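What follows is a short report on a single structure.
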Amino acid sequence: MRCPFCKEDSDRVVDSRSSESGRVIRRRRQCLICKRRFTTYEKAGESFKLYVIKKDNMRVPYEREKVIGGLQKACYKRPVSAEQIQQIADKVEEDIFRNFDKEVSSAFIGESVMKHLRDIDKVAYIRFASVYRDFKDADQLIEEVSQTIQEDRRVRQPKLFEG
Ligand SMILES: [Zn+2]
């Protein structure tokens, strides 16, 4: 597999994981020349590129690192572990590959990130949503926040026994 950074064709597989449906195998690879890591996606033995359609209709190759980067920013100083961030990215990729083969809109990825982040940390979710949804004004943001808080209260049940 050609390294996207230095273009050398020499790598080792660090980690291999298939999506929930088993349709797509994701491999983390490390370039043996420049030591950088990259991700490849394979379907039935062939590797392919997934493209993201942005708001302006430009297509760019999908990069897991971008999803991770967005999550890290949203989760800054929040009690969300690096492993949880990876797990959210896994779930997002499962959502993508369950629905799309070659192209996916950036809007779909954003909504998927929000859906899974919401289950993990409400503050991080609001942060991500406020950047992502590009709130037009403060009212919209406040509405989103109060909705989330209300749902959170509804979901949370008092626990009789801990542990
Ligand atoms: Zn390299």
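Because the structure is a prediction, the values reported are computed rather than measured. Whatever order the structure lists them in is the order used to number ligands and atoms, beginning at 1.
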*F5 six-ring centre to R36 NZ/CZ under 6.0 Å and within 45° of normal*: yes
*Rounded distance [0.5 Å steps], CD1 in I25 versus OH in Y41*: 13.0 Å
*asked:* Between F108 and F100 (judged by ring centroids, cut-off 6.0 Å), do the two rings come close enough to count as a pair?
replied: yes
_R28 with D15: basic N within carboxylate O range, under 4.0 Å_ = no
*asked:* Pairing donors with acceptors under 3.5 angstrom, does anything connect the side chains of T39 and R26?
replied: no
_With no hydrogens and no angle check, just 3.5 Å: does a side-chain donor-acceptor pair link Q86 and R64?_
yes
*Using a cut-off of 2.8 Å, count how many protein N, O or S atoms are strictly closer to the Zn ion (ligand 1).*
4
